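Remember, it's a predicted structure, so these values are computed and weren't measured experimentally.
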Amino acid sequence: MSDECASIRASCNQELQQAANENDLYQIKSKYLGRSSRLTALIKSLKDLPAEERARSGAAANALKISLQQDIDIALENMRQARTVRAIAEQAPDITLPGRRTAIGTLHPVTRITAKIASIFTSMGFSIVDGPEIELDFFNFEALNIPKDHPARDMHDTFYVSDAQLLRTHTSPVQIRTMQKMQPPLRILCPGKVYRCDSDISHTPMFHQIEGLMVDTHVSFADLKGLLTILIHRLFGDISIRFRPSYFPFTEPSAEVDIQCVMCRGMGCRVCSGTGWLEILGCGLVNPVVFKNAGYDPDAVTGLAFGLGVERIAMLTYGINDIRLFYENDLRFLSQF
Ligand code: PHE
């Protein structure tokens with residue numbers, strides 16, 4: 001009897017050790033504890049034993065049954081836990097995989113050129129200021145010596161907000177606002193958005209200008225030429241520059257500045273309409289009328305002012321032939337800068 005118990009015990013232990021999965025364990029369970037198991041047969045045979053031995057063997061058989069049950073249950077539980085651990089490991093992210101790259105943006109060409117020009121002028125003592133894009137007619141025109149009936153208004157293709165308010169057509173109104181706030185001497189640079197009702201290959205309804213203003217007791221045209229020559233040479237290298245007489249109501253004398261065509265080096269091409277020159281900015285000495293309008297004494301100070309279009313400089317710098325590309329938000333275009 002006890003031999004049979006030991007044999008069952010040993011054989012079950014051995015099978016438990018070899019079990020590879022839960023299914024194996026269920027089979028072991030039915031083989032050793034089921035109705036046709038050796039143990040069940042053994043328990044059935046107890047009734048034939050003499051009473052004394054029956055009690056002893058019965059106790060031993062019961063103890064074996066309980067212990068087999070426990071061992072199989074523990075093995076099952078271990079197997080289930082191992083399965084859970086495996087499942088978690090399979091779901092866990094594979095940290096050895098290379099990560100997905102975050103796309104890093106680039107600076108817009110207009111931003112790049114603005115920053116470059118700003119740094120050229122701040123290195124010469126200019127401070128950066130700004131002003132409102134919705135502007136009063138007074139600052140955009142009137143104070144700049146462009147009264148209501150002045151023909152220069154026609155050139156501005158103004159978006160009006162109301163009779164007295166408009167989207168500024170240039171950054172020059174910031175000259176007046178600054179002079180109203182600050183006493184001379186001053187050197188300021190004002191980059192910003194301006195608006196004109198115009199749209200084609202070289203015009204967008206919104207574009208960027210940079211305004212410069214310097215006021216002191218003896219500012220001369222030579223200072224203007226010097227500053228703008230430094231600017232152009234830092235932007236485009238050592239190229240030819242010419243100052244061409246022009247007219248702006250707020251400067252006197254006034255000039256437009258041309259640079260040697262950067263595409264054909266002055267030979268004449270489509271970009272410069274065969275002239276070899278490209279106009280890049282307007283400038284002049286501040287008209288005394290403007291000083292008076294802004295509250296400065298025109299006999300005590302002189303000044304220089306200039307205004308340039310940022311998109312135009314960016315187009316020439318990067319060889320871009322259509323201004324609208326700046327505002328179409330095509331990443332294939334924008335990511336080149
Ligand atoms: N405001 C002028 C324009 O938009 C440019 C300019 C600025 C000219 C300052 C002279 C002086 O065309």
Side-chain angles (χ1 to χ4, degrees), residues 113-114 117 120-121 126 140-141 144-146 150-158 168-175 188-192 194-196 198 200-204 207-215 219-290 302-317 323:
I113 296 293
T114 303
I117 294 174
I120 293 170
F121 280 97
F126 282 69
N140 196 81
F141 291 129
L144 288 166
N145 199 27
I146 316 176
H150 198 288
R153 287 212 180 197
D154 291 349
M155 291 161 41
H156 285 250
D157 302 308
T158 313
R168 67 178 179 195
T169 58
H170 53 172
T171 41
S172 298
V174 184
Q175 289 187 28
I188 54 127
L189 196 76
C190 169
V194 300
Y195 302 84
R196 292 187 194 179
D198 203 354
D200 60 36
I201 187 166
S202 52
H203 298 88
T204 44
F207 60 103
H208 295 78
Q209 282 192 339
I210 297 181
E211 189 84 9
L213 173 69
M214 173 171 166
V215 182
V219 176
S220 71
F221 207 90
D223 295 317
L224 180 62
K225 285 187 78 171
L227 276 179
L228 295 179
T229 304
I230 289 171
L231 169 70
I232 291 165
H233 284 166
R234 294 224 188 136
L235 284 177
F236 295 107
D238 192 14
I239 57 172
S240 303
I241 304 171
R242 73 178 183 187
F243 284 70
R244 188 165 34 75
S246 185
Y247 173 77
F248 299 102
F250 35 93
T251 47
E252 183 59 37
S254 303
E256 280 171 303
V257 175
D258 298 341
I259 58 171
Q260 186 190 60
C261 179
V262 291
M263 305 295 168
C264 63
R265 297 264 138 211
M267 302 303 287
C269 67
R270 228 162 37 96
V271 175
C272 59
S273 316
T275 63
W277 295 96
L278 295 166
E279 182 216 315
I280 62 157
L281 59 84
C283 64
L285 294 186
V286 180
N287 191 323
V289 174
V290 172
T302 58
L304 62 82
F306 59 87
L308 56 82
V310 181
E311 282 81 353
R312 177 125 174 100
I313 306 275
M315 287 169 83
L316 296 174
T317 303
I323 193 173

List the atom pairs, with distances to 0.1 Å, where a side-chain N or O of residues 280-290 and a protein N or O form a donor-acceptor pair under 3.5 Å, not counting sequence neighbours.
| from | atom 1 | to | atom 2 | distance (Å) |
| --- | --- | --- | --- | --- |
| Asn287 | OD1 | Val289 | N | 3.0 |
| Asn287 | ND2 | Pro249 | O | 3.1 |

Partner residues of [X] under the side chain to side chain contact (heavy atoms under 4.5 Å, CB included) criterion, sequence neighbours left out:
X	result
Leu278	Ile259, Cys261, Val262, Val271, Cys272, Arg312, Leu316
Thr251	Phe248, Ser254, Ala305
Arg242	Arg244, Asp258, Trp277
Thr302	Val219

Tell me whether Arg168 contacts the main-chain N or O of Asn140 through its side chain, where contact means a donor paired with an acceptor under 3.5 Å.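 Such a contact is absent between Arg168 side chain and Asn140 backbone.
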Test item: Gln209 side-chain N/O and Thr171 main-chain N/O as donor-acceptor pair under 3.5 Å: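 Yes, the answer is positive, given that a donor and an acceptor are paired below the 3.5 Å cut-off.
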May I ask you to test the [X]-[Y] pair for a side-chain heavy-atom distance under 4.5 Å?
X	Y	value
His156	His170	yes
Gln175	Leu213	yes
Met315	Ile323	yes
Leu228	Phe243	yes

Ile120 vs Phe126, test: side chain to side chain contact (heavy atoms under 4.5 Å, CB included). Steps then yes/no. CA-CA 9 Å; Ile120 293 170; Phe126 282 69; over 6 Å; no
How far apart are the closest heavy atoms of [X] and [Y], and which atoms are they?
X	Y	result
Leu304	Ser220	CD2-O, 4.4 Å
Ile239	His233	O-NE2, 3.1 Å
Leu144	Pro173	CD1-N, 3.8 Å

Step-by-step side chain to side chain contact (heavy atoms under 4.5 Å, CB included) determination, Leu189 to Ile210: CA-CA 7 Å; Leu189 196 76; Ile210 297 181; 3.6 Å; yes
From CA spacing to verdict: side chain to side chain contact (heavy atoms under 4.5 Å, CB included), Val310, Phe207: CA-CA 8 Å; Val310 181; Phe207 60 103; over 6 Å; no
Verdict with supporting geometry, Thr229 and Ile241, side chain to side chain contact (heavy atoms under 4.5 Å, CB included): CA-CA 7 Å; Thr229 304; Ile241 304 171; 3.8 Å; yes
Could you tell me which residues satisfy ring pair (Phe, Tyr, Trp, His ring centres under 6.0 Å) with His208, sequence neighbours excluded, listed by chain and number?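 With neighbours one apart ignored, the set is empty.
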So how far is it from Ile232 CD1 to Leu227 CG, rounded to the nearest 0.5 Å?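 If we round to the nearest 0.5 Å, Ile232:CD1 and Leu227:CG are 11.0 Å apart.
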Could you tell me how the ring of His150 sits relative to the ring of Tyr247: parallel (under 30°), tilted (30 to 60°) or perpendicular (over 60°)?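 Ring orientation of His150 relative to Tyr247: parallel.
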